[in-house]
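Reviewing the structure listed below.
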Amino acid sequence: AESADLRVASPGEVIAIHPDLQVGHVVEAGTALVTIDPFLYAGAVREAEAALAEAKARLSEIDARIALEESALVRAEAQLELARTDLIRAQQDATVVRLTWQLAKAERALDDTVLVAPFRGIVRAENVAVGRQLQLSDLAVSLIRADARDVRFTLSDQRYGRLLTSGAVEGSKVNVIWRIGDEPLRYSATINRVAADIDRATGGV
């Protein structure tokens, strides 16, 4: 009923794959399926942290200078210089805001080096291998939600009409028998919707 095609948000070289990442296996929600080499992304975080620390230090220096000049205001020229310093501080405030955003983006990119299963699902397809370079557009993993599967079937117009007349379509309990191998698989299910189109090939609903 629900599926997800997962792609990495931070491209790079695959360095680890979960052992259950094989077609047909079930993976739990939150499982780290694929890990991308975080080296460059961790470096970007450190670089952003250093730039932000430098900007904050510069801001503290400007604040100290303003405090010093405010305590020694004796002439109009000093007031003019103070106004100029205030402008510099405002620009530094903007720099701190910008670098804070850059750090947040770098930290998110680092987190995105791990591709996590969004729900408990069955692996439909996997397209990863240790050492492979994954790009943003590359499909890494395809999952089907394990606890929400659908079965679709067609009823003849006559049978559908009888069910419709009795008001027993949506909400009806059904037994699904999947004949595969020597032993059929049996499931209990509930009809929760009817398709909007008539199947012209079979003449049913």
Crowded around Glu54 CD? As in, over 12 foreign heavy atoms under 6.0 Å? no
Separation between CG of Asp5 and CG of Leu143, rounded to the nearest 0.5 Å: 8.5 Å
Heavy-atom distance under 4.5 Å between the side chains of Val14 and Thr35, does that happen here? no
Closest approach of Asn127 and Leu134, non-hydrogen atoms and distance? O-CD2, 4.3 Å
Salt-bridged, Arg193 to Asp150, with N to O below 4.0 Å? yes
Please report the interatomic distance CD1(Ile144) to CD(Glu2), rounded to the nearest 0.5 Å. 11.0 Å
Compare every heavy atom of Leu21 with every heavy atom of Glu126, then report the nearest pair and how far apart it is. CG-O, 3.7 Å
Any chance you could measure Thr100, atom OG1, to Gln102, atom CD, to the nearest 0.5 Å? 10.0 Å
Could you tell me whether the side chain of Leu136 reaches within less than 4.5 Å of the side chain of Arg7, counting heavy atoms only? no
Taking all atoms of both residues into account, what is the closest heavy-atom pair of Val27 and Val123, and its distance? CG1-CG2, 4.2 Å
Full working for side chain to side chain contact (heavy atoms under 4.5 Å, CB included) between Val128 and Arg132: CA-CA 7 Å; Val128 292; Arg132 180 179 177 185; 5.8 Å; no
Going hydrophobic residue to hydrophobic residue with side-chain gaps under 4.5 angstrom, can you get from Tyr160 over to Ile191? yes
Less than 4.5 Å apart, any side-chain heavy atom of Val34 and any of Val114? no
Around atom OH of Tyr187, are there more than 12 heavy atoms from other residues, nucleotides or ligands closer than 6.0 Å? yes
I need the Ser3 OG to Arg124 CZ distance, nearest 0.5 Å. 4.5 Å
Can you tell me if Arg159 has over 12 outside heavy atoms packed within less than 6.0 Å of its CZ? no
Roughly how far apart are Glu47 CD and Leu103 CG, rounded to 0.5 Å? 11.5 Å
Atom of Pro38, atom of Ile15 and distance for their closest heavy-atom approach: CD-CD1, 3.8 Å
Test item: Glu170 and Val194 side chains (from C-beta on) under 4.5 Å apart, heavy atoms: yes
Pair Asp157, Arg162 - check salt bridge (charged side-chain N to carboxylate O under 4.0 Å, His left out), show working. CA-CA 9 Å; Asp157 287 348; Arg162 285 203 301 266; over 6 Å; no
Quick one: does Thr113's side chain get under 4.5 Å of Asp37's, heavy atoms only? no
Cluster overlap Phe119 with Ile122, hydrophobic side-chain contacts below 4.5 Å: no
Approximate separation, where rounding is to 0.5 Å, of Asp112 CG and Tyr41 OH: 9.0 Å
Hey, any chance Val151 and Leu163 share a hydrophobic cluster, counting ILVMFWY side chains that come within less than 4.5 Å of each other, even indirectly? yes
So which heavy atom on Ala106 is nearest to which on Ala48, and how close? CB-CB, 4.4 Å
What's the shortest heavy-atom distance between Val116 and Leu6, and which atoms? O-CD1, 4.2 Å
Just wondering, more than 12 heavy atoms not from Gln133 lying within 6.0 Å of its CD? yes
